[in-house]
K.L.:
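Sharing a structure here in structure tokens format.
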Amino acid sequence: MSVALQNAEILLVDDELANLILLQKILNAAGYTRIRSTTEPRRVLSLLEEWEPDIILLDLQMPHLDGFAVMEQLKEKLPADTFLPILVLTADAMPRTKLRALSGGAHDFLTKPFDPAEVVQRIGNLLRTRQLHQEVQEQNKNLEQLVAKRTGELEKALRELKETQQKAIQQERLHAFGTMASGVTHDFNNALSVILGFSEVALMECEGALRRDEIEAHLRTIITAGLDATRLVTRLREFYRPNDENEPRMVVHLNELIKQAVATTRPRWHAESSGSEVPIEVETDFAMIPPISADASELRDALMNLIFNAVDAMPQGGKITLRTSYAGGRIVLQVRDTGVGMPEEVRLRCLEPFFTTKGEAGTGLGLAMVYGIIERHGGTLEIESAPGRGTTFTISFGPAVDAEDHIIAESPKPVSPLRVLVADDQRELCEVMTSYLASDCHAVTSVTDGRAALEAMRGANFDLLITDQLMPGMSGKQLAAAVKQDSPETRVILLTGVAENENPSSNGAINRVLAKPVSLIDLRHAIVEVMAGPPSE
Ligand code: ADP
Ligand code: MG
């Protein structure tokens with residue numbers, strides 16, 4: 001017998017003193033020494049107040065309080081999770097009695113007269129069960145404590161993680177704000193220093209010898225700087241502009257738009273056109289996709305920006321792939337390049353306005369704008385990139401809407417393709433115009449000053465001249481007048497910027513004035529109008 005069992009404390013309850021003495025002897029002989037006994041069942045409860053036995057041997061037939069009543073009292077007194085074995089002693093071996101005792105709380109029986117070996121065996125069994133029960137309880141308690149401790153640790157770690165994350169996010173925001181503030185400051189200061197510097201010079205010129213042409217040149221530079229600053233603000237607004245429900249949307253065929261963007265950007269990637277030796281291949285892979293409701297010129301701008309970035313990322317040449325697909329009601333566009341790729345810290349920040357790794361050559365506004373445009377179209381943008389492994393931009397657009405219901409019809413298209421000459425000293429504006437016009441199948445030539453425009457006019461017959469008003473050397477109005485002299489049939493659309501308060505209707509050479517910035521829809525309407533109207537007012 002194990003030491004633990006020998007140490008067990010045993011309570012004997014029997015009104016017959018002889019029985020108690022007999023049991024005590026049997027138990028002593030078996031090695032049990034910690035035994036208490038009573039002939040008074042009514043004392044059991046008070047005994048248990050100060051001491052808890054490991055087992056109770058309980059007689060059933062007793063005066064005042066029988067074994068059943070004692071078990072009843074014990075049931076009420078003992079906590080539900082204690083296992084205190086009760087071994088019932090009875091002279092009544094009737095099955096009915098046994099059943100009643102069992103349902104009343106007894107765990108086992110001994111029938112009088114006792115067989116000593118059986119007494120010891122049954123007590124041992126019950127004590128072992130109690131021991132196991134206590135061990136399990138102990139383990140449960142340990143486990144609970146362990147779980148509580150671990151939970152506490154986890155909660156603490158989680159709290160710390162949250163705090164760290166919060167700090168990181170805050171830092172990230174501050175960082176983005178800082179980048180942005182320094183970008184705005186830098187670009188604005190550039191514009192302001194030009195404006196202030198040239199204003200002062202112009203003022204000095206005014207006080208000295210009045211050299212009109214020089215003052216005019218300075219003013220022009222000032223206006224250009226002002227326009228640069230205005231453009232910067234416009235682009236920023238583009239980025240932060242929220243989605244406007246009333247924004248005009250057209251039925252746009254993304255595949256077509258991609259073709260246009262590829263064609264328009266060709267001068268930048270095509271080896272011969274760009275004058276570089278580096279071969280860049282552009283491949284398109286189109287799936288059958290439904291049209292989407294979108295602002296075509298915005299999307300085209302976004303695509304062009306992605307292509308420009310891809311070209312920048314491939315100084316050694318490479319391949320750009322534009323792929324569309326359609327799955328689960330979403331239209332997916334992937335722009336992939338085989339360029340230098342981005343390290344993780346660049347990938348995470350590349351959408352921030354003014355974030356650029358290109359130094360003075362970059363504005364850091366391209367991807368910010370792309371992101372803004374995609375957001376406004378309810379799309380998502382994902383970027384996959386690793387150094388040396390190229391970059392993939394994945395753009396996904398929501399379900400294509402029913403064309404009739406939600407979309408404003410596309411603006412009218414001119415009946416036939418025209419030969420158009422675009423004159424604007426800002427190369428980007430030329431590019432935008434060219435892309436608009438090319439998307440409507442017009443043949444476009446662009447030049448950046450009036451003299452080049454006149455030169456071009458001499459070589460070819462243009463149906464339409466679209467010219468900026470403010471250009472170095474020759475104004476749009478002067479150019480228009482000169483053009484009309486040689487070619488009275490050519491229609492002229494004059495573009496005016498914010499700083500120009502001309503009244504061009506006074507000039508018969510101009511068929512139409514458009515304020516910058518010009519949207520594709522405005523441009524189409526204007527073209528339809530001037531081509532249908534008389535060549536001069
Ligand atoms: P910018 O081109 O003027 O630098 P963008 O907003 O277009 O500004 O791009 C931000 C930065 O993201 C770039 O300077 C470049 O580091 C990174 N980037 C964008 N596109 C790519 C690309 N296709 N491959 C590698 N890096 C890219
Ligand atoms: Mg860019």
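As the structure lists them, so they are numbered: ligands from 1, and atoms in each ligand from 1.
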K.L.:
Please check this pair: side chain of S475 against backbone of Q478, looking for a donor-acceptor N/O pair closer than 3.5 Å.
P.N.:
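A pair under 3.5 Å: yes.
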K.L.:
Between E160 and K156, is there a salt bridge with N-O shorter than 4.0 Å?
P.N.:
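Salt bridge flag = yes for E160 with K156.
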K.L.:
Where the side chain of Q334 meets the backbone of T394, is there a donor-acceptor pair that is under 3.5 Å apart?
P.N.:
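Such a contact is absent between Q334 side chain and T394 backbone.
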K.L.:
Answer yes or no as to whether an N/O/S atom of N309 is found below 2.8 Å from the Mg ion (ligand 2).
P.N.:
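It does; at least one qualifying atom falls short of 2.8 Å.
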K.L.:
Identify the closest protein heavy atom to atom 4 (O) of ligand 1: which residue and atom is it, and at what distance?
P.N.:
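Protein heavy atom at minimum distance: T356 OG1, 2.5 Å.
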K.L.:
Of all the non-hydrogen atoms in the protein, which one sits nearest to atom 10 (C) of ligand 1, and at what distance?
P.N.:
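Going atom by atom, the protein heavy atom closest to atom 10 (C) of ligand 1 ends up being F355 O, 3.3 Å.
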K.L.:
Quick one: which ligand 1 atoms are inside 4.0 Å of a heavy atom on D337?
P.N.:
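Once the distances to D337 are compared, the set is 22 (C), 23 (N), 24 (N).
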K.L.:
Which ligand 1 atoms are under 4.0 Å away from a heavy-atom of G362?
P.N.:
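So the answer, numbered in order with elements, is 3 (O).
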K.L.:
So is G339 touching ligand 1 or not, going by heavy atoms under 4.0 Å?
P.N.:
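Under 4.0 Å: no for G339.
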K.L.:
In ligand 1, which numbered atoms sit nearer than 4.0 Å to a non-hydrogen atom of T363?
P.N.:
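Checking each atom against T363, I get 3 (O).
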K.L.:
Under the 3.5 angstrom rule, does the side chain of N511 hit a backbone N or O of V492 as a donor-acceptor pair?
P.N.:
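Here the side-chain-to-backbone pair exists.
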K.L.:
How close do L421 and M457 get, heavy atom to heavy atom, and via which atoms?
P.N.:
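Closest pair (atom of L421, atom of M457, distance): CD2-SD, 3.8 Å.
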K.L.:
Is ligand 1 under 4.0 Å from a heavy atom in the side chain of N305, in the backbone, in both, or in neither?
P.N.:
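It is neither part, as no heavy atom is under 4.0 Å.
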K.L.:
Looking at non-hydrogen atoms alone, which of L367, T357, V340, I383 comes nearest to atom 15 (C) of ligand 1?
P.N.:
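Heavy atom nearest to atom 15 (C) of ligand 1 belongs to T357.
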K.L.:
Just jot down the ligand 1 atoms closer than 4.0 angstrom to any heavy atom of A313, in number order.
P.N.:
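Those atoms are 22 (C), 24 (N), 25 (C).
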K.L.:
To the nearest 0.1 Å, how far is atom 7 (O) of ligand 1 from its closest protein heavy atom, and which atom is that?
P.N.:
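Scanning the protein heavy atoms, the shortest distance from atom 7 (O) of ligand 1 goes to N309 ND2, 2.8 Å.
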K.L.:
When you measure from atom 26 (N) of ligand 1 to each heavy atom in M342, R347, M369, which option holds the nearest one?
P.N.:
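The option holding the nearest heavy atom is M342.
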K.L.:
Hey, does D312 come in under 3.5 Å of ligand 1, counting only N/O atoms on both sides?
P.N.:
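For ligand 1, there is no N or O atom that lies under 3.5 Å from one belonging to D312.
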K.L.:
For E431 and R427, run salt bridge (charged side-chain N to carboxylate O under 4.0 Å, His left out): C-alpha distance rounded to whole Å, both residues' side-chain angles, the deciding distance at 0.1 Å, then the answer.
P.N.:
CA-CA 6 Å; E431 275 175 20; R427 205 170 286 281; over 6 Å; no
K.L.:
Salt bridge (charged side-chain N to carboxylate O under 4.0 Å, His left out) between K141 and E144: does it pass, once the steps are laid out?
P.N.:
CA-CA 5 Å; K141 215 164 76 197; E144 266 164 34; over 6 Å; no
K.L.:
Could you report the tightest heavy-atom contact between I510 and A480, atom names first, then the distance?
P.N.:
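The answer is CG1-CB, 3.9 Å.
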K.L.:
Do side-chain atoms of K358 reach the backbone of T363 as a donor and acceptor pair under 3.5 angstrom?
P.N.:
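A pair under 3.5 Å: no.
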K.L.:
Of all the atoms in ligand 1, which lie at a distance below 4.0 Å from a heavy atom belonging to V346?
P.N.:
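Reading through ligand 1 atom by atom, the close ones are 16 (O).
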K.L.:
Record the part of C350 in heavy-atom contact with ligand 1 below 4.0 Å; permitted values are side chain, backbone, both and neither.
P.N.:
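Answer for C350: both.
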K.L.:
Please name the pair of heavy atoms, one in R491 and one in V530, separated by the smallest distance, quoted to 0.1 Å.
P.N.:
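Shortest heavy-atom separation between R491 and V530 comes out as NE-O, 2.9 Å.
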K.L.:
Name the closest protein heavy atom to atom 8 (O) of ligand 1, giving the residue it belongs to and the distance to 0.1 Å.
P.N.:
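Protein heavy atom with the smallest distance to atom 8 (O) of ligand 1: G364 CA, 3.2 Å.
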K.L.:
Quick one: look up the protein heavy atom nearest atom 2 (O) of ligand 1 and list residue, atom name and how far away it is.
P.N.:
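Of the protein heavy atoms, K358 NZ, 2.6 Å lies nearest.
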K.L.:
Below 4.0 angstrom from a heavy atom of G366, which ligand 1 atoms are there? Numbered from 1 as shown, please.
P.N.:
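With G366 as reference, the close atoms of ligand 1 come out as 5 (P), 6 (O), 7 (O).
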K.L.:
Roughly how far, to the nearest 0.5 Å, is CD1 of I466 from CZ of R512?
P.N.:
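Rounded to the nearest 0.5 Å, the CZ-CD1 separation comes out at 11.5 Å.
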